[in-house]
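Below is one structure, written out as structure tokens; comments come after it.
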Amino acid sequence: MKETVLVIDFGGQYNQLIARRVRDLNVYCELIPCGTPLEKIKAKNPIGIIFTGGPNSVFGADALKVDEGIYTLGVPVLGICYGAQLIAHQLGGKVRSAAVGEYGQVKAVYKKSVIFDGLPEEGVCWMSHTDSVSELPDGFEITAFTADCPVAAMQNTQKRIYAVQFHPEVAHTQNGTLMLKNFLYKACGASGDWTMKDFVARKVAEIREKVGDKKVLCAMSGGVDSAVAATLVHRAVGDRLTCVYVDHGLMRKNETEEVRQVFKDGLGMNLILADAEELFLRKLAGVTDPESKRKIIGREFITVFEREAEKIGKVDYLVQGTIYPDVIESGSGDSAVIKSHHNVGGLPDVVDFEEIIEPLRDLFKDEVRAVGFELGLPEQVVMRQPFPGPGLGIRVIGEITKEKLETLREADFIYREEIAKAGLSGQIWQYFAVLTDTRSVGVMGDMRTYDYTVALRAVLSVDAMTADWAKIPYEVLGAVSSRIVNEVRNVNRVVYDITSKPPATIEWE
Ligand code: XMP
């Protein structure tokens, strides 16, 4: 049983970041809602509990609380920001609402506390609050203060309850990671058993035991999550796993070939590459509306997958590349449909199977990547940028034809090559070329041309919900542009997309 820390979510903006930091310190943790019943918390047998920040005030009628029984479990608690105020409020101290808040980097003085072990006496911390603790609960002492905040940190060593008004999880707090490390290792006594190597060993054993001599099926999209999930399951059960990859003819240059090389030739996976390019192009012929294109691609993908799955017959397990952010973010409500998303997650309905295996369900994206490397997958698979399920189908604006796809593939390939050459690949969230349906007049070698315009898109983002356009140096853009117009047929103009999301979206369709 691995050591677990519970991060209790009060809705603050850095909650996932806290969980990330704890995992980076080699301690497994889960983010759970603050309303989780005490029994459930106890059943997880945590070695430590962290309260996150949150937008509420402890005074509000709708203030988020935890079951006070949590303080009597004998498990060390660290309250951060709102979490610190809640501890004071629930244990009999006082919280006051200041006229003006304290925001940004502030100098703090640290006193003796296990949380501040190894820190200089003074340092900069990141504050973001209006309320603060004005009177300590019984048994507590002050362990840090700032000019405006007399209780910047407090503790009750007997009960092993610690609280900080500032945010140790953000990079602006000097030595913040060390504070979290002190809490985990010195207060909670963690041993640090959360490493990707251990994770792989544990998961492989678990999957092997579960699957036994039964059959497993996985839909591979070429994306990181499904690739890592499939490889992990393959390591556990070998030939009992069959993977199906639907080649819709809308992949980028060399991608399908790469999938074949890495997974079929390299790993010896039982991989079915269903060549359906002709079918997709036929169904998409003459279609220009973005939503219709998305729907057709999604539907045909399922048709092809279903046909292949039928050939295999009944399977016992279906593998899905669900990752932790999908789990925490699922259950979203009734927001407007901006685009009908297509990914391989919607397949369960069409396969005859007993149970889903989601080996990456507990992992953040960069942990998934670390597992990929641990499994020996090549960098181009593990570090692959996000790619939409409908592929280039939504990057050829308007009607899709084989020729247009070919043009886009070449332009996109040049763009990727130049970005890599400039050493920018790791710094941009997503970058790709779009073949617009605009044609314009140009001149090449004294001849008039009337050809297509390629748009280059590059964005910086954390979660794809919002994005800023990337400020790629002009020289790099210039190099991409001249190579595209010189090397790619039917293109005589290149433009750079300088819109953020919102109001634009990342993809053009
Ligand atoms: P938008 O264009 O909505 O894209 O700003 C946000 C992110 O999602 C990707 N994307 C998709 N991913 N299936 C996917 O799996 C889809 O249908 C799909 N459409 C967009 C897009 O590339 C960006 O990273």
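Salt-bridge check for R409 with E406: passed, with a basic side-chain N closer than 4.0 Å to an acidic carboxylate O. Salt bridge present: K365 and D225 bring a charged side-chain N and a carboxylate O closer than 4.0 Å.
Residue pairs that meet the ring pair (Phe, Tyr, Trp, His ring centres under 6.0 Å) test with at least one member in residues 489-509, sequence neighbours left out, do not exist here. Annotation: side-chain hydrogen bond (donor to acceptor under 3.5 Å, both in side chains) contacts involving residues 281-302, sequence neighbours excluded, comprise D289-S292, E291-S340, K293-E509. Identified under the ring pair (Phe, Tyr, Trp, His ring centres under 6.0 Å) test for residues 418-454, with sequence neighbours left out: Y415-Y431. Judged as a ring pair (Phe, Tyr, Trp, His ring centres under 6.0 Å), the pairs with a partner in residues 206-260 (not counting sequence neighbours) are, in order, H248-F280.
We find the CD1-CG distance between I297 and L392 to be 9.5 Å, quoted to the nearest 0.5 Å. Distance check: Q16 CD to D9 CG gives 9.0 Å after rounding to the nearest 0.5 Å.
Of the possible polar contacts, none joining the R395 side chain to the A433 backbone as a donor-acceptor pair under 3.5 Å is found. Panel note: side chain T453, backbone R493; no donor-acceptor pair is recorded below 3.5 Å. Listed for the T449 side chain is no donor-acceptor partner under 3.5 Å among the backbone atoms of D451. Judged purely by atom type and a 3.5 angstrom limit, T4 has no side-chain atom pairing as donor or acceptor with the backbone of Y28. Checked by atom type and distance alone, the side chain of E169 never pairs as donor or acceptor with a backbone atom of L17 at under 3.5 Å. A donor-acceptor pair under 3.5 Å is absent between the side-chain atoms of K404 and the main chain of G398, judged by distance alone. Remark: the backbone N or O of N254 is not paired with any side-chain donor or acceptor of E257 at under 3.5 angstrom.
Atom NZ of K214 has 12 or fewer neighbouring heavy atoms from other residues, nucleotides or ligands inside a 6.0 Å radius.
Side chains of S226 and S221: a donor-acceptor N/O pair is present below 3.5 angstrom, by distance only.
When each of E355, E358, E354 is paired with K210, the salt bridge (Lys or Arg N to Asp or Glu O under 4.0 Å) condition holds for E355 and for no other. P168 pairs with exactly one of R21, M179, K181 by the side-chain contact (heavy atoms from CB on, under 4.5 Å) rule, that one being M179.
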Side-chain donor-acceptor contacts of residues 369-381 below 3.5 Å, not counting sequence neighbours, with atom names and distances?
| unit_1 | atom_1 | unit_2 | atom_2 | d |
| --- | --- | --- | --- | --- |
| R369 | NE | V382 | O | 2.7 |
| R369 | NH2 | R384 | O | 3.0 |

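Residues that satisfy the salt bridge (charged side-chain N to carboxylate O under 4.0 Å, His left out) test with D366, not counting sequence neighbours, are R20.
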